[in-house]
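See below for the structure under consideration.
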Amino acid sequence: MATLKFTDGELAPCREDRATEITLAEWREGARPEAGRFALALPNDAALDEVAHALARFDAIILHFPTFKDGRALSQARLLRARYGFAGEIRARGEVLPDQAFFMARAGFDAFEIDCEAIESFRTALSAFSCVYQRSSDDRAPVYARRAATRAAAA
Amino acid sequence: MYRYDEFDETIVRERIAEFRGQVARRLSGALTEDQFKPLRLMNGLYLQLHAYMLRVAIPYGTLSSRQMRRLAHIARKYDKGYGHMTTRQNIQFNWPALVDVPDILEELADVEMHAIQTSGNCIRNVTSDQYAGAAADEIEDPRPWCEIIRQWSTLHPEFSYLPRKFKIAVTASAHDRAAVRVHDIGLRLHRNAEGKTGFEVIVGGGLGRTPMIGRTIREFLPKEHLLSYLEAIMRVYNLHGRRDNIYKARIKILVHSEGAESFRRAVEDEWSGSDKAAVDPPREEIERIRRYFAPPPFEKLEPESAAFDKARAADAEFARWARVNAAPHKVPGYVIANISLKTPGAPPGDISAAQMEAVADLAERYSFDELRVTHEQNLCLPHVKKDDLYDVYRALKAAGLGAANIGLASDIVACPGLDYCDLANARSIPIAQRLAERFAFSGEEDDIGDLRIKISGCINACGHHHVGHIGVLGVDKKGEEFYQVTLGGSPGEDAALGEIVGRGLSADEVVDAVGRLVDFYKDHRREGERFLDAYRRIGLERFKEALYGDAEIH
């Protein structure tokens, strides 16, 4: 198992030092990160309000997919980016399959804990679609914006 | 009709390429069936009793003749020469081979069709009023909003792994032909006191094993905020819907257990904190989509047609067909021509390749190239001149599609049942066939009038039995097929769930028992009173006596 980072459309093994992990339970018991790199691991039923004010202390938030069918962490990632403005790493842990990677990346994930041999199928999945219909946490323009740009260029 | 541009086409083609890869990984064993299952489902592919079944979306029920001809071609080349229209404006092919499915999807993409999200725990094909753009009682065409929802919900990054499937329906008429109160989200376009049009938002309706009527959580939503409001509902559901029990995972359970008011507050809080401008499409995009649904070039006609009157006078069968199957159109001189796929004795909703082609020809020649699929498993030609109606009727009759029974006792909705489906407990199709033959061939249908019989082969309720005036539910009793009857349901603006009458009946008993219900109604109705209204007045107890054959006969 390795952590792969997805930045600027490129998927590559993570080169940074491993962050010290703090679970939500440890956070509730008073653990507070001070020096070094820290990651907060949240279960997928955690309300983000509880940790919202402390997000800046963390380099990474780890969100959990207990099974690949359970998409709650997709909403958590979307909220972390759009509502709470979290700009650090959001990492997917658990049953993380290539077929979900595109949605995960769009929802705000930029790191995946996966087997290294799966890297090629993740690369393929992450580049499967060149157009999207919605604005989300990534910087892709939805097709309605591209349509408007095409019209403006033609005018 | 909406037409794909380069972006729409690219998304559909890239989706097929992705699925082709997934099929190859499955065939090579790289994916387990458990891992492949949600992927194939989100591309409309089920594994049924005998074979794979491919469900193709007909977004908001609108088809062109070119698309219908392609469906006919697919039925011939990859299936056994027919297709099955569903209660959600989809068509199902029952016999495709897995290796062929990516090629079928390419053939569909050539005519701007797909099977994306026709199954799986995601937002399904959005459905609407089959009379959209033609109905005399409509306040505006709901289809541009359906297309906006279709695009937004396609491959949505956040809402593709929901607790359970999710169905949205839209109507814009006072008379609800889209069953919006029994959908996960129902949207009703209406006009407020200031004369503006907006959506009533209804959440948490649904059938299945826990049927519920949806609750209104917003009386009036400005149209331009539709998508941001839908996102707020979906996010609350995605985060808080139950995932521990598949039977309690639909949004209706969440709305019911939280209470509609508490659910509404959660949605409103989520919505008020969201960046609406990032989600709601800009006005120019709404206008771009709306332009595709501009009315066709209707002719200026007299409201009455001499040719139509003459044909009615000369051909009594046509006169009856026109009275039963034609519906009022908003433009003088035009009608909506319904095409029944409930020929008594045939499986409800089935249509052969040759019939698809015949109907496509009629759409092209007489209805501005448009066809609609209805949630009651029929078709309609939305814009036919009264002058042309007799020609249309004769062509339909020649194609074996001349049944005059829209809304009558033999217009029965039924799921595929145990003949095809591996969830079913009992067969639906043979019961539907026997009931339809009984009412149609006895000639009593016209006298019975408006009667909706709906049959499901198991409690998943794909035949919508809960909202039938008479519902029939197949159950398994120690390996034998039994049928439970419900009474008093309605899917429309007066939505209601049927009440279970009592013990189940055998396949042999149930047809006569339903016949006794209808006889009891005929004996006790008041002048002009529909079956449903008579039931509501008289009540369950006396109909129950009729069902089980111990009622007094007057």
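Lettering of chains follows the sequences in order, A, B, ..., and the numbering in each one begins at 1.
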Checking A:Ser130 against B:Glu14: is there a side-chain donor and acceptor pair closer than 3.5 Å?
yes

Would you say NE2 of B:His256 has more than 12 non-hydrogen atoms from neighbouring residues, nucleotides or ligands within 6.0 angstrom?
no

Let me know if B:Leu155 has heavy atoms under 4.5 Å from chain A in its side chain, its backbone, both or neither.
both

Option that, when pairs with chain B are counted at under 4.5 Å, heavy atom only, ranks first among A:Ala107, A:Cys131, A:Ser75
A:Ser75

Over 12 foreign heavy atoms within 6.0 Å of OH, B:Tyr292:
yes

More than 12 heavy atoms of other groups within 6.0 Å of B:Arg283 CZ:
no

Taking everything shown except A:Asp139 itself, do over 12 heavy atoms lie less than 6.0 Å from its CG?
no

If you count the non-hydrogen atoms of other residues, nucleotides and ligands that lie under 6.0 Å from NZ in B:Lys37, is the total more than 12?
no

Go through the steps to decide whether A:Asp45 and B:Arg243 satisfy the test side-chain contact (heavy atoms from CB on, under 4.5 Å), and finish with yes or no.
CA-CA 11 Å; A:Asp45 57 356; B:Arg243 293 175 186 261; over 6 Å; no

Under 4.5 Å from any heavy atom of chain A, what part of B:Ala17 do you find: side chain, backbone, both or neither?
neither

Do B:Glu158 and A:Leu79 have side chains that get closer than 4.5 Å, going by heavy atoms?
no

Heavy-atom contact with chain A under 4.5 Å, split by part of B:Glu9:
neither

Pairs of heavy atoms under 4.5 Å with chain A: top-ranked of B:Gly273, B:Ser153, B:Ala30
B:Gly273

In the structure I gave you, are the side-chain heavy atoms of B:Asn121 and A:Lys69 within less than 4.5 Å of one another anywhere?
no

Please walk me through it: do B:Asp8 and A:Arg147 pass salt bridge (Lys or Arg N to Asp or Glu O under 4.0 Å)?
CA-CA 11 Å; B:Asp8 300 303; A:Arg147 284 168 180 147; 3.0 Å; yes

Given heavy-atom pairs under 4.5 angstrom as the criterion, report whether the side chain, backbone, both or neither of B:Gln35 touches chain A.
both

Who wins among A:Arg106, A:Gln134, A:Arg135 for the most heavy-atom pairs under 4.5 Å with chain B?
A:Gln134

Just wondering, more than 12 heavy atoms not from B:Glu33 lying within 6.0 Å of its CD?
yes

B:Lys248 atom NZ: more than 12 heavy-atom contacts under 6.0 Å
no

Best-contacting candidate, B:His240, B:Met234, B:Arg15, against chain A by heavy atom pairs under 4.5 angstrom
B:Arg15

Counting only heavy atoms closer than 4.5 Å, note whether A:Arg151 contacts chain B via side chain, backbone, both or neither.
side chain

Measure distances from A:Ala148 to the heavy atoms of chain B and classify the residue's part below 4.5 Å as side chain, backbone, both or neither.
both

Between B:Glu284 and A:Tyr144, does a side-chain contact (heavy atoms from CB on, under 4.5 Å) hold up when you go through it step by step?
CA-CA 9 Å; B:Glu284 59 178 8; A:Tyr144 59 77; over 6 Å; no

Using side-chain heavy atoms (C-beta onward) and a distance below 4.5 Å, is B:Arg25 in contact with A:Pro98?
yes

side-chain contact (heavy atoms from CB on, under 4.5 Å) for B:Glu18 and A:Phe129? Distances and angles first, verdict last.
CA-CA 9 Å; B:Glu18 180 192 48; A:Phe129 294 94; 3.5 Å; yes

Take B:Asp5 and A:Thr150, measure what side-chain contact (heavy atoms from CB on, under 4.5 Å) needs, and give me the verdict at the end.
CA-CA 12 Å; B:Asp5 66 5; A:Thr150 308; over 6 Å; no

Which heavy atom in A:Arg72 sits nearest to a heavy atom in B:Asn238, and how many Å separate them?
CG-O, 3.1 Å

Shortest non-hydrogen contact from A:Phe103 toward B:Tyr161
CD1-CE1, 3.7 Å

Of the listed residues (B:Val279, B:Leu31, B:Ile289, B:Thr154), which shares the most heavy-atom pairs with chain A below a 4.5 Å separation?
B:Thr154

So, the part of B:Asp280 with a heavy atom under 4.5 Å from chain A: the answer is backbone

